[in-house]
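Structure first, then comments.
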Amino acid sequence: MLNHPSPPTRQCLLLSLLLLVCACNKATCFLGEGKKIWKQPHPDHFIKNQSFLYDTFPSGFLWGSGTSAFQTEGAWDQEGKGPSIWDHYTHSTVRNKVSTETADVASDSYARWEEDVEALEYLGVRSYSFSLSWPRLFPDGNATGLPNRAAVEHYGRLIERLLEKKIEPIITLYHWDLPQVLQERYGGWKNYTMVGLFEQYAAFCFHAFGSRVRYWLTMHNPYLVAVQGYGTGVHAPGETGGPAGSLMVAHNLIRAHAKAWHTYNTHFRPAQKGKVSIVLGSHWVEPQRGAATAANIELCQQSMEAVLGWFANPIFSDGDYPLSLKIKYGALLPTFSPEEKLWVQGTADFFALSFGPNNLRLGRSLVQYGQTVTPDLSRILGWIKLEYGDPAVLVTEGGWFTVASVGKEDTVAIYLTKRFINQVLQAIKFDAVQVIGYSAWSLVDGFEWNYGFSVRRGLFYIDFSQSNRPRTPKTSAQYYRRVIADNGFPIEETSSDIKGRFPCEFHWGIADSTLQVLSYPFSPQFTDPQLYTWNVTGDGSLRPVPG
């Protein structure tokens with residue numbers, strides 16, 4: 001006869017089981033507490049006698065760099081590739097107030113991919129994030145038909161070479177280059193038909209390359225696709241559908257991502273054992289003048305929900321949009337059915353974050369609510385942990401940009417690279433955020449969307465006037481290489497203080513430094529590039545001042 005536990009014992013067992021589940025599933029325990037981050041001291045306050053954290057990253061940290069297909073591949077009409085919406089957009093004469101340059105050749109990475117791999121070897125990275133070109137693989141956009149064999153072989157060669165060099169390929173399925181035929185036939189991402197078409201495309205890629213790829217990213221920064229591609233028209237396809245257009249596009253992008261994740265989870269994960277996520281981009285805000293009142297914190301929370309939470313809440317939280325968005329847009333905001341909420345919820349195996357200038361260019365529409373836009377990567381990582389239950393985080397895009405005239409001595413880029421990486425280290429050490437890797441963006445100079453070639457984001461300088469597009473490491477590449485070799489910022493114990501006196505005639509003084517960068521306002525009514533000055537304040541943080 002079986003001995004059944006007495007009621008008190010049964011209660012203890014249930015309690016123990018509950019505690020075990022809670023310990024294993026931190027998302028259940030800590031979900032939705034992002035507001036607490038603004039009540040916490042800034043990580044810099046924990047660092048005594050220094051303004052910089054000297055320490056190393058966890059063993060196995062995934063150092064990397066990345067590119068996107070349209071920005072670097074070139075060969076826009078070669079070997080069977082069809083036109084993308086960005087090809088069409090850059091060749092169009094109806095564009096207004098954007099660069100008239102094209103990415104027809106760009107960095108020529110389709111032909112010079114081996115040189116890109118050599119650049120990765122120079123850096124000593126452990127991963128390379130790159131995107132597949134949908135119109136190169138399927139010129140007609142139809143992934144149920146025969147693929148372009150030249151494209152399949154090209155990406156296969158690249159993956160094999162990376163693995164030979166012990167570099168982890170991290171593949172993005174969609175980085176904004178939709179086949180133009182799908183835009184013309186269906187209206188692009190406004191049409192729900194795109195959800196099924198994207199699933200078919202994703203399934204082909206999983207089948208063709210998945211046995212050699214452990215990390216998949218369905219799409220890059222859907223916020224910018226929805227807002228700038230279909231809302232303001234600043235990006236391809238250049239549609240000005242306003243909030244209604246952006247909201248519908250975002251809804252379909254979320255559903256397309258979820259469908260691709262489920263396809264992988266059901267049909268490919270058992271054999272391939274990979275992980276799938278979506279790259280979400282965001283800014284960061286602090287209460288104006290540091291006043292962390294309840295009202296100011298609520299405004300900051302709403303600001304984060306309007307950008308990152310728009311996509312992260314359905315996927316990483318409860319399967320639905322934040323309440324602040326429902327209040328703001330009302331009936332204009334599409335709805336998920338109860339079944340869809342359950343279906344969308346949890347469709348990411350880790351949190352992939354893009355933190356760069358494209359999302360930080362949010363301009364006056366945020367500042368007017370009493371917030372300060374701040375490039376603080378440590379704080380947003382802490383917010384993600386609290387808001388979405390301590391997920392593993394991969395920073396898939398980190399870095400800044402310089403104007404083209406700067407050339408190879410990109411001192412400001414070094415400063416910001418150092419600062420962003422150190423902020424990741426602070427998030428790991430002080431807030432126990434599970435950051436598993438950092439990808440410096442980008443590997444090589446390329447076509448910077450509506451800025452063309454007027455700004456540069458590469459670690460490697462490319463002389464676009466030369467047909468062979470030589471890659472030359474910038475000073476930022478040399479610096480990043482050292483950080484990777486050291487696995488962070490170890491304390492140099494061999495260094496010692498130098499004691500002595502300065503000459504009597506030595507001139508002491510004080511100075512203020514500024515970083516000037518181009519900032520693109522977020523609000524649709526501000527469509528001209530605007531110069532912002534980023535002041536370096538006394539605590540080492542950056543503050544934007546409109547120029």
Side-chain angles (χ1 to χ4, degrees), residues 25 27 69 127 129-149 151-160 162-163 168-175 177-179 182 186 189 191-220 222 251-280 311-312 314-316 319 336-352 391-392 394 396 436:
N25 186 3
S127 68
S129 177
F130 64 97
S131 70
L132 305 178
S133 170
W134 189 346
R136 190 179 296 282
L137 285 165
F138 295 97
D140 62 357
N142 180 16
T144 61
L146 291 176
N148 177 10
R149 181 164 295 279
V152 176
E153 292 175 352
H154 165 73
Y155 292 121
R157 285 193 299 266
L158 174 57
I159 293 170
E160 288 294 337
L162 291 171
L163 294 176
E168 190 88 51
I170 301 175
I171 294 184
T172 302
L173 295 174
Y174 180 71
H175 197 131
D177 49 351
L178 185 72
L182 298 183
Y186 301 107
W189 290 106
N191 195 319
Y192 178 73
T193 304
M194 287 298 308
V195 174
L197 294 174
F198 183 75
E199 181 203 17
Q200 294 166 0
Y201 164 62
F204 169 83
C205 296
F206 296 149
H207 174 77
F209 309 114
S211 63
R212 296 165 287 177
V213 177
R214 292 196 303 164
Y215 292 95
W216 290 96
L217 302 167
T218 55
M219 54 188 67
H220 184 90
H251 201 63
N252 286 332
L253 289 170
I254 292 170
R255 293 191 287 186
H257 155 77
K259 202 167 185 64
W261 185 91
H262 280 289
T263 293
Y264 185 86
N265 193 53
T266 302
H267 302 291
F268 298 96
R269 191 192 302 275
Q272 297 179 2
K273 304 187 186 313
K275 296 182 178 182
V276 182
S277 188
I278 179 173
V279 180
L280 301 182
F311 296 87
I315 296 169
F316 292 92
F336 292 109
S337 68
E339 295 76 19
E340 279 186 314
K341 290 177 185 178
L342 293 174
W343 179 70
V344 168
Q345 184 182 19
T347 55
D349 302 315
F350 57 95
F351 199 111
L394 177 64
T396 57
I436 61 175

Between atom [atom1] of [X] and atom [atom2] of [Y], what is the distance when rounded to the nearest 0.5 Å?
{"X": "His154", "Y": "Asn148", "atom1": "NE2", "atom2": "CG", "answer": "11.0 Å"}
{"X": "Arg212", "Y": "Glu168", "atom1": "CZ", "atom2": "CD", "answer": "13.5 Å"}
{"X": "Tyr192", "Y": "Leu197", "atom1": "OH", "atom2": "CG", "answer": "11.0 Å"}
{"X": "Trp343", "Y": "Ser337", "atom1": "CH2", "atom2": "OG", "answer": "9.5 Å"}

**Request:** Count the heavy atoms of every other residue, nucleotide or ligand shown that sit under 6.0 Å from CZ of Arg157, and state whether that count exceeds 12.
**Result:**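 More than 12 heavy atoms, drawn from other residues, nucleotides or ligands, come within 6.0 Å of this atom.
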**Request:** Would you check if the distance from the ring center of Phe268 to the ring center of Trp216 is below 6.0 Å?
**Result:**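 Ring-ring flag for Phe268/Trp216: false, centres at least 6.0 Å apart.
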**Prompt:** Can the ring centres of Phe336 and His251 be said to be less than 6.0 Å apart?
**Reply:**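 Yes.
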Contact summary for [X] and [Y], nearest pair of heavy atoms:
{"X": "Ala256", "Y": "Met219", "value": "CB-CE, 4.3 Å"}
{"X": "Phe350", "Y": "Ser277", "value": "O-OG, 2.5 Å"}
{"X": "Pro169", "Y": "Val213", "value": "O-CG1, 3.8 Å"}
{"X": "Leu178", "Y": "Leu182", "value": "CD1-CD1, 4.2 Å"}
{"X": "Cys205", "Y": "Leu173", "value": "CB-CD2, 3.6 Å"}
{"X": "Ala69", "Y": "Asp177", "value": "CB-OD2, 3.9 Å"}

**Request:** Could you walk me through whether His257 and Phe311 pass side chain to side chain contact (heavy atoms under 4.5 Å, CB included), step by step?
**Result:** CA-CA 10 Å; His257 155 77; Phe311 296 87; over 6 Å; no
**Request:** Sort and list the pairs that fulfil salt bridge (Lys or Arg N to Asp or Glu O under 4.0 Å) and have at least one residue in residues 194-207, not counting sequence neighbours.
**Result:**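 Not a single pair qualifies under salt bridge (Lys or Arg N to Asp or Glu O under 4.0 Å).
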**Request:** Give the intermediate values and the outcome of side chain to side chain contact (heavy atoms under 4.5 Å, CB included) for residues Val195 and Lys259.
**Result:** CA-CA 7 Å; Val195 174; Lys259 202 167 185 64; 3.6 Å; yes
**Message:** If the condition is side-chain contact (heavy atoms from CB on, under 4.5 Å), which residues does Ala143 pass it with, not counting sequence neighbours?
**Reply:**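 With neighbours one apart ignored, the set is Phe138, Gln200, Tyr201.
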**Message:** I'd like to check the ring pair (Phe, Tyr, Trp, His ring centres under 6.0 Å) partners of His207; sequence neighbours left out, ordered by chain and number.
**Reply:**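 Here no residue qualifies.
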**Prompt:** After noting the C-alpha distance and the side-chain angles of Ile315 and Phe351, does the key distance pass the side chain to side chain contact (heavy atoms under 4.5 Å, CB included) rule?
**Reply:** CA-CA 10 Å; Ile315 296 169; Phe351 199 111; over 6 Å; no
Are [X] and [Y] packed together at the side-chain level, in the sense that at least one heavy-atom pair is separated by less than 4.5 angstrom?
{"X": "Thr172", "Y": "His220", "value": "yes"}
{"X": "Leu217", "Y": "Thr396", "value": "yes"}
{"X": "Phe209", "Y": "Leu158", "value": "no"}
{"X": "Ile171", "Y": "Ile159", "value": "yes"}

**Prompt:** Would you call the rings of Tyr264 and Phe206 parallel, tilted or perpendicular, where under 30° means parallel and over 60° means perpendicular?
**Reply:**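 If you compare the ring of Tyr264 with that of Phe206, the planes turn out perpendicular.
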**Request:** Evaluate the ring planes of Trp134 and Tyr174, with Trp represented by its six-membered ring, and classify them as parallel (under 30°), tilted (30 to 60°) or perpendicular (over 60°).
**Result:**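 Because their plane-to-plane angle is over 60°, the rings of Trp134 and Tyr174 count as perpendicular.
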**side chain to side chain contact (heavy atoms under 4.5 Å, CB included) evaluation trace for Thr218 with Val276** = CA-CA 7 Å; Thr218 55; Val276 182; 3.8 Å; yes
**Item:** Passing option when Asp349 is tested against Arg269, Arg214, Lys275, Lys273 for salt bridge (charged side-chain N to carboxylate O under 4.0 Å, His left out)
**Value:**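 The single option meeting the salt bridge (charged side-chain N to carboxylate O under 4.0 Å, His left out) with Asp349 is Arg269.
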